[in-house]
Novice: 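Below you will find the structure I want to go over with you.
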Amino acid sequence: MVARGGKTMVKCVSILGSTGSIGRQSLDIIDHLGIRVGALTAQSSVERMAQQCKQYLPKLAVMGTREAAEQLRACLGDLPVKVSWGEEGLMEAATLPEADCVITAVVGMVGLKPTLAAIDAKKRIGLANKETLVCAGQLVMEAARKHGAQIIPVDSEHSAIFQCLMGESHKQVERLILTCSGGPFYGMDPEKLRKVTKADALKHPNWKMGAKITVDCATLMNKGLEVIEAMRLYDMPLEKVDVVIHRQSIIHSMVEFCDGAVMAQMGTPDMRLPIQLAMTYPERKDCVVEKLDLLTCGPLTFDKPDEEAFPCLALARACGKAGGTACPAMNGANEEAVGLFLADRIGFYDIYRLVKKAVDAVEFIENPDLTQILEADAKARRIVRESL
């Protein structure tokens with residue numbers, strides 16, 4: 001369930017994806033708050049993981065492969081840190097008894113099973129892994145309600161909505177309004193977009209993020225994924241989730257209520273603020289983030305997304321409306337296509353083309369179980385790879 005009070009600030013945190021952007025910023029907050037580290041995980045960044053282990057002395061460190069785990073063991077020497085690897089290691093990190101909170105900052109479907117395991121273990125989930133809710137949102141939210149696990153969103157937009165809804169009745173919500181920077185290609189027409197490069201796509205105007213999510217921001221697929229997340233997190237129909245372009249990234253999202261009142265959460269564009277709230281909720285603490293100065297932040301503007309130039313947003317909304325296996329098929333195909341784009345094997349608009357092809361080709365199942373969700377993801381990825 002989405003947290004609505006009751007529990008206090010966490011004491012020990014495990015971070016799934018500690019060497020990535022969200023993981024490193026989570027450790028900044030841990031330093032600031034004096035919270036203990038239970039487990040750290042990474043896919044392949046052995047040197048950075050070794051540095052983190054030496055600094056934080058987690059009980060468990062997990063790498064993506066056996067080879068990387070062996071390299072990490074050699075780096076750590078006699079330090080009292082257990083080293084594991086693969087999915088089994090991720091599951092152990094997600095359910096570590098000492099940790100009362102798990103920050104899921106891994107990218108992609110790899111985050112789904114560990115998140116479900118953490119929910120089963122009644123952990124607080126600081127959720128930064130979009131794919132978990134996009135692909136299996138109904139299963140995840142049902143499991144959270146069943147086990148009484150708190151889910152506190154770490155994405156700036158969903159944290160903003162979470163904050164705007166504090167103390168409010170969801171029955172009185174008219175609309176959730178997700179703000180979108182527009183990415184590096186805001187205002188470009190399709191002709192210009194056909195010529196953009198990977199280097200162009202990785203120049204986000206406001207946020208420092210990993211390569212995959214930065215490309216998703218460039219295609220607006222990221223905002224489409226967030227629409228589906230919002231539907232699941234707050235049990236809202238698609239029609240009540242809107243997107244507006246807000247170039248300044250000062251208003252992180254808004255909630256409109258049935259009486260016409262609109263509540264907005266504002267702040268400097270720094271992910272450490274929502275990360276910290278996920279750890280301290282229901283309290284607020286002084287934060288290392290620079291405070292917002294309304295007199296110097298400049299005018300705040302809003303615009304409508306151009307879904308013709310950026311068709312991934314409309315495709316994600318259509319998949320969200322369909323539900324079922326359309327969402328994991330879309331997500332898996334997008335992960336694969338973005339990987340190909342980052343490898344300079346396809347062009348910018350090929351991402352949409354390949355994702356749409358995969359979604360259309362994967363057999364639709366209205367109420368899939370976990371196995372069928374994973375199968376839809378795998379089939380979509382295979383279709384994208386075989387389309388080259």
Novice: Of all heavy-atom pairs between P305 and L220, which one has the smallest distance, and what is that distance?
Specialist: CB-CD1, 4.5 Å
Novice: Considering only NZ, NE, NH1 and NH2 on the basic side and carboxylate oxygens on the acidic side, decide whether E98 and R36 come within less than 4.0 Å.
Specialist: no
Novice: Could you work out, with side-chain hydrogen bond (donor to acceptor under 3.5 Å, both in side chains) as the rule, every residue matching T132, not counting sequence neighbours?
Specialist: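 Scan of T132 (side-chain hydrogen bond (donor to acceptor under 3.5 Å, both in side chains), adjacent residues dropped) gives N129.
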Novice: Report yes or no: do K130 and N222 form a side-chain donor-acceptor pair below 3.5 Å?
Specialist: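 On atom types as modelled, these side chains qualify, holding a pair under 3.5 Å.
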Novice: Is there a continuous path of hydrophobic side-chain contacts, each under 4.5 Å between heavy atoms, that joins F162 to V140?
Specialist: yes
Novice: Looking at K54 and L79, what are the two nearest heavy atoms and their distance?
Specialist: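 Shortest heavy-atom separation between K54 and L79 comes out as CG-CD1, 3.7 Å.
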Novice: So if you build clusters from Ile, Leu, Val, Met, Phe, Trp, Tyr with side-chain heavy-atom gaps below 4.5 Å, do L313 and V338 land together?
Specialist: yes
Novice: Write out all pairs satisfying ring-ring contact (aromatic ring centres under 6.0 Å, His included) with one or both partners inside residues 284-311, taking only residues at least two apart or from two chains.
Specialist: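 Only H246-F302 qualify under ring-ring contact (aromatic ring centres under 6.0 Å, His included).
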Novice: Quick one: which of K379, K357, M330, R382 gives a side-chain contact (heavy atoms from CB on, under 4.5 Å) with V362?
Specialist: K379
Novice: Shared ILVMFWY cluster between V243 and M266, side chains joined below 4.5 angstrom?
Specialist: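 As far as the 4.5 Å side-chain criterion goes, M266 and V243 are not connected within one cluster.
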Novice: Quick check on K198: does its NZ atom have over 12 non-hydrogen neighbours (other residues, nucleotides or ligands) under 6.0 Å away?
Specialist: yes
Novice: Count the heavy atoms belonging to other residues, nucleotides or ligands that lie under 6.0 Å from NZ of K212, then report whether that count exceeds 12.
Specialist: yes
Novice: Is the number of heavy atoms from other residues, nucleotides or ligands under 6.0 Å of D235 CG greater than 12?
Specialist: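 No, not enclosed.
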Novice: Go through it in stages, so that I can follow the logic: the residues are D350 and R353, the test is salt bridge (charged side-chain N to carboxylate O under 4.0 Å, His left out), and I'd like the CA-CA distance, side-chain angles, deciding distance and then a yes or no.
Specialist: CA-CA 5 Å; D350 289 324; R353 178 180 62 82; 3.2 Å; yes
Novice: For the SG atom of C287 and the CZ atom of R272, what is their distance to the nearest 0.5 Å?
Specialist: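 Answer rounded to 0.5 Å: 7.0 Å.
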Novice: Mind listing the closest non-hydrogen atom pair of Y349 and A309 along with its distance?
Specialist: OH-O, 2.7 Å
Novice: In terms of side-chain geometry, is the basic nitrogen of D377 or R381 positioned less than 4.0 Å from the acidic oxygen of its partner?
Specialist: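 Yes, D377 and R381 are salt-bridged.
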Novice: Tell me whether E88 at atom CD has more than 12 heavy atoms from other residues, nucleotides or ligands lying less than 6.0 Å away.
Specialist: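 Result for CD/E88: open.
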Novice: Taking the basic N atoms (NZ, or NE/NH1/NH2) and the acidic carboxylate oxygens, is any pair closer than 4.0 Å for K223 and E226?
Specialist: yes
Novice: Spell out, yes or no, whether L277 and L165 are grouped together once hydrophobic residues are joined by side-chain heavy atoms under 4.5 Å, including indirect joins.
Specialist: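 Cluster IDs for L277 and L165 match.
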Novice: Could you walk me through whether T268 and E290 pass side chain to side chain donor-acceptor pair (under 3.5 Å), step by step?
Specialist: CA-CA 7 Å; T268 53; E290 181 181 354; over 6 Å; no
Novice: Quick check on Q55: does its CD atom have over 12 non-hydrogen neighbours (other residues, nucleotides or ligands) under 6.0 Å away?
Specialist: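 Check passes, neighbour count above 12.
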